[in-house]
**Q** 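Please see the structure below; I have some questions.
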Protein chains: 2
Amino acid sequence: MKFTTKAEYGLAALADIAIHSEQGEKATTIEIAQRQNISHKYLEQILLQLRQANLIRASKGQKGGYSLMQPASVIHISDVLNALDSSILADVPEIEENSGLRRNIKSCLWDKMNGAMRNYTDHMTLAELIEQGICPDDSGSYVI
Amino acid sequence: MKFTTKAEYGLAALADIAIHSEQGEKATTIEIAQRQNISHKYLEQILLQLRQANLIRASKGQKGGYSLMQPASVIHISDVLNALDSSILADVPEIEENSGLRRNIKSCLWDKMNGAMRNYTDHMTLAELIEQGICPDDSGSYVI
DNA sequence: ATTTATCCTACCTTGTCAATAGGAAAAGCG
DNA sequence: CGCTTTTCCTATTGACAAGGTAGGATAAAT
């Protein structure tokens with residue numbers, strides 16, 4: 001399915017910041033952009049959104065940069081996705097009444113698939129994502 | 001998350017056809033469009049795609065219309081989605097090497113969420129979708 | 001021959017994604 | 001103070017896809 005680069009870049013940036021936060025360092029837009037290979041002007045907007053969602057703290061000027069607001073272990077992936085991509089975890093819009101089978105199908109399939117995503121991203125934290133780098137091997141924990 | 005109307009309309013149309021197929025009737029574009037409240041010219045294109053994917057059989061002219069190619073119990077939802085919305089169940093595209101954490105994050109989160117969808121829609125059939133109208137109450141059967 | 005249906009292709013309008021650009025504001029440093 | 005470095009914020013743009021609309025060609029039944 002389709003994922004926005006914004007979500008992808010944002011998660012990578014957050015992970016990057018988290019790693020540097022552990023050492024008490026701040027990360028600047030330029031640094032992150034270079035490490036993660038992202039346009040730094042585009043990344044600027046993404047970091048702005050993450051700050052407005054209270055996921056990161058910014059300081060301006062020399063020696064400025066970004067650090068995490070909370071430890072990575074309490075940041076849920078769904079928080080990040082919600083901040084960056086309003087539609088990816090959003091409820092499917094209600095549908096007018098007189099529409100045959102459509103309403104039922106939507107509330108059956110769509111909501112289920114949606115719920116599966118939400119359940120998964122609600123439980124997974126940024127720390128887990130970073131720690132393993134690869135996929136967590138807890139297959140079977142999350143259930144539709 | 002975002003689902004295309006094409007997939008929504010297509011599933012509703014297929015369900016509609018399935019119901020009428022059971023009684024040996026064919027359903028025409030116009031009839032389906034009215035029952036499901038869809039633009040019939042748009043639906044035409046959708047039914048064309050479903051036919052090209054061998055999900056339905058069409059007959060032209062008077063007394064023409066559409067019927068299912070196979071019983072609804074062997075049509076998997078993933079077949080329908082694949083026929084109508086090439087991206088919804090598609091693998092996430094590979095990413096260039098030198099890209100920091102992005103590659104790992106993508107292959108972790110993205111692929112998992114994607115796999116969850118696929119697993120779910122691979123197991124569910126059109127018949128189940130119709131039969132229950134509401135959600136199947138087999139929560140817990142499908143696992144990420 | 002005429003009606004009724006599918007078949008097929010082209011087109012159009014609107015919105016969103018992914019950037020790019022450029023400047024304002026603040027923080028540190030000499 | 002003045003300069004640099006950083007974040008902050010808004011506007012704009014190009015490309016592309018979604019969601020239709022339109023119109024004619026083709027085939028089957030009566």
Side-chain angles (χ1 to χ4, degrees), chain A residues 1-13 17 20 25-34 36-67 69 81 84-88 90 92-93 95 99 102, chain B residues 1-13 17 20 25-34 36-67 69 81 84-88 90 92-93 95 99 102:
Chain A
M1 68 159 289
K2 186 225 136 227
F3 298 95
T4 60
T5 60
K6 210 166 198 173
E8 177 184 336
Y9 296 171
L11 273 168
I17 293 169
H20 289 79
E25 298 168 17
K26 293 171 189 161
T28 69
T29 310
I30 303 274
E31 287 166 5
I32 301 170
Q34 280 176 345
Q36 306 304 326
N37 200 31
I38 302 172
S39 146
H40 82 277
K41 281 307 255 179
Y42 189 33
L43 182 59
E44 233 176 36
Q45 300 176 43
I46 296 171
L47 293 172
L48 189 61
Q49 280 183 256
L50 291 175
R51 201 220 47 186
Q52 286 167 343
N54 288 319
L55 289 168
I56 55 178
R57 168 199 324 277
S59 43
K60 288 182 177 179
Q62 284 185 356
K63 287 283 179 185
Y66 297 94
S67 53
M69 204 73 161
L81 294 182
L84 294 175
D85 184 344
S86 60
S87 78
I88 189 166
V92 301
I95 191 173
S99 48
R102 279 165 51 200
Chain B
M1 66 160 288
K2 185 223 135 226
F3 297 96
T4 60
T5 60
K6 210 164 198 174
E8 178 184 335
Y9 296 170
L11 274 168
I17 292 169
H20 288 80
E25 299 168 16
K26 292 171 191 163
T28 69
T29 311
I30 303 274
E31 288 166 4
I32 301 170
Q34 280 175 346
Q36 306 304 327
N37 200 30
I38 302 171
S39 147
H40 82 277
K41 282 306 257 179
Y42 189 33
L43 181 61
E44 231 176 38
Q45 300 176 41
I46 296 172
L47 292 172
L48 189 60
Q49 281 184 255
L50 290 175
R51 200 219 48 185
Q52 285 167 344
N54 288 318
L55 290 168
I56 55 179
R57 168 200 326 276
S59 45
K60 289 185 178 178
Q62 283 186 356
K63 286 284 181 186
Y66 298 94
S67 52
M69 204 72 162
L81 295 182
L84 296 175
D85 183 345
S86 60
S87 77
I88 190 167
V92 301
I95 191 173
S99 49
R102 280 164 50 201

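Treat the numbers as computed from the prediction; the structure is a model and nothing was measured. Note on naming: letters A, B, ... go to the chains in the order of the sequence lines (proteins, then strands), and numbering restarts at 1 for each one.
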**Q** In whole Å, I'd like the distance from the CZ atom of A:R51 to the C1' atom of D:dC8.
**A**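 After rounding, the gap between these two atoms is 7 Å.
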**Q** Which heavy atom of A:E31 sits nearest a heavy atom of A:K26, and at what distance?
**A**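 Answer, listing the atom of A:E31 first, then A:K26: OE1-O, 3.9 Å.
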**Q** Taking only N and O in the side chain of A:T28, is any of them less than 4.0 Å away from OP1 or OP2 of D:dT5?
**A**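 For A:T28, the contact criterion (side-chain N or O under 4.0 Å from OP1 or OP2 of D:dT5) is not met.
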**Q** If only side-chain N and O atoms of A:T5 are considered, is one of them under 4.0 Å from the OP1 or OP2 phosphate oxygen of C:dA18?
**A**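 For C:dA18, OP1/OP2 do have a side-chain N/O of A:T5 under 4.0 Å.
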**Q** Checking A:Q45 against A:K6: is there a side-chain donor and acceptor pair closer than 3.5 Å?
**A**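 Absent: no donor and acceptor within the cut-off.
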**Q** Are OP1 or OP2 of D:dT7 and a side-chain N or O of A:T29 less than 4.0 angstrom apart?
**A**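 It does, given that an N or O in the side chain of A:T29 lies less than 4.0 Å from OP1 or OP2 of D:dT7.
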**Q** What is the distance from CD1 of B:I46 to P of D:dG19, rounded to the nearest Å?
**A**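 That distance rounds to 9 Å.
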**Q** When the nearest nucleotide of DNA chain D is assigned to B:Y9 and to A:K63 on a heavy-atom basis, which residue is associated with the more 5' position?
**A**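 Closest to the 5' end, via its nearest nucleotide, is A:K63.
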**Q** Record whether the side chain of A:E44 comes under 3.5 Å of the base of D:dC8 through a donor-acceptor pair of N or O atoms.
**A**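 Yes.
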**Q** What's A:E31 touching, base or sugar-phosphate or nothing? Going by heavy atoms closer than 4.0 Å.
**A**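 Contact class for A:E31: none.
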**Q** Between A:K60 and A:L43, which residue's closest nucleotide on DNA chain C lies nearer the 5′ terminus?
**A**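 It is A:L43 whose nearest nucleotide is closer to the 5' end.
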**Q** Hey, could you give me the CG/OG1 distance between B:D85 and B:T4, rounded to the nearest 0.5 Å?
**A**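 Spacing of CG (B:D85) from OG1 (B:T4) equals 4.0 Å.
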**Q** First locate atom CG of B:L84, then atom CG of B:L47, and finally report the distance between them rounded to the nearest 0.5 Å.
**A**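 So the gap between those two atoms works out to 9.0 Å.
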**Q** Quickly work out the A:N37 CG to C:dA18 P distance and round it to whole Å.
**A**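 From A:N37 CG to C:dA18 P: 16 Å.
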**Q** Without decimals, in angstroms, what is the distance between A:L47 CG and D:dC8 P?
**A**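 After rounding, the reported distance stands at 9 Å.
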**Q** Would you state whether a donor and an acceptor, one from the side chain of B:Q62 and one from the base of C:dT3, lie under 3.5 Å apart?
**A**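 Indeed there is one.
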**Q** Whether B:Q52 contacts C:dC8 is assessed here as follows: a side-chain N or O lying under 4.0 Å from the phosphate OP1 or OP2. Is that the case?
**A**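 For B:Q52, the contact criterion (side-chain N or O under 4.0 Å from OP1 or OP2 of C:dC8) is met.
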**Q** Decide yes or no for B:H40 and B:Q34: does some side-chain heavy atom of the first lie under 4.5 Å from some side-chain heavy atom of the second?
**A**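 When only atoms from C-beta onward are counted, B:Q34 and B:H40 do not touch, as no gap falls below 4.5 Å.
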**Q** In whole angstrom, what separates A:Y66's OH from D:dT5's P?
**A**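 It works out to 17 Å between those atoms.
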**Q** Measuring to OP1 and OP2 of D:dG19, would you say a side-chain N or O of B:S39 lies under 4.0 angstrom away?
**A**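 Checking B:S39 against D:dG19: no side-chain N or O falls below 4.0 Å of OP1 or OP2.
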**Q** What nucleotide, of D:dG20, C:dT6, D:dA11, holds the atom closest to the side chain of A:Q45?
**A**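 Ranking D:dG20, C:dT6, D:dA11 by closest atom to the A:Q45 side chain puts D:dA11 first.
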**Q** Provide, to the nearest angstrom, the distance between the OH atom belonging to A:Y42 and the P atom belonging to D:dT12.
**A**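 Those two atoms, OH and P, are 19 Å apart.
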**Q** May I have the distance from B:K2 (atom NZ) to C:dT16 (atom C1'), rounded to whole angstrom?
**A**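 Whole-Å distance recorded here is 10 Å.
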**Q** Between D:dT13 atom P and A:K41 atom NZ, what is the distance in whole Å?
**A**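 Rounded to whole Å, this separation is 17 Å.
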**Q** Go nucleotide by nucleotide along DNA chain D from the 5' end; which of A:L48 and A:G61 gets its closest nucleotide reached first?
**A**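 So the residue in question is A:G61.
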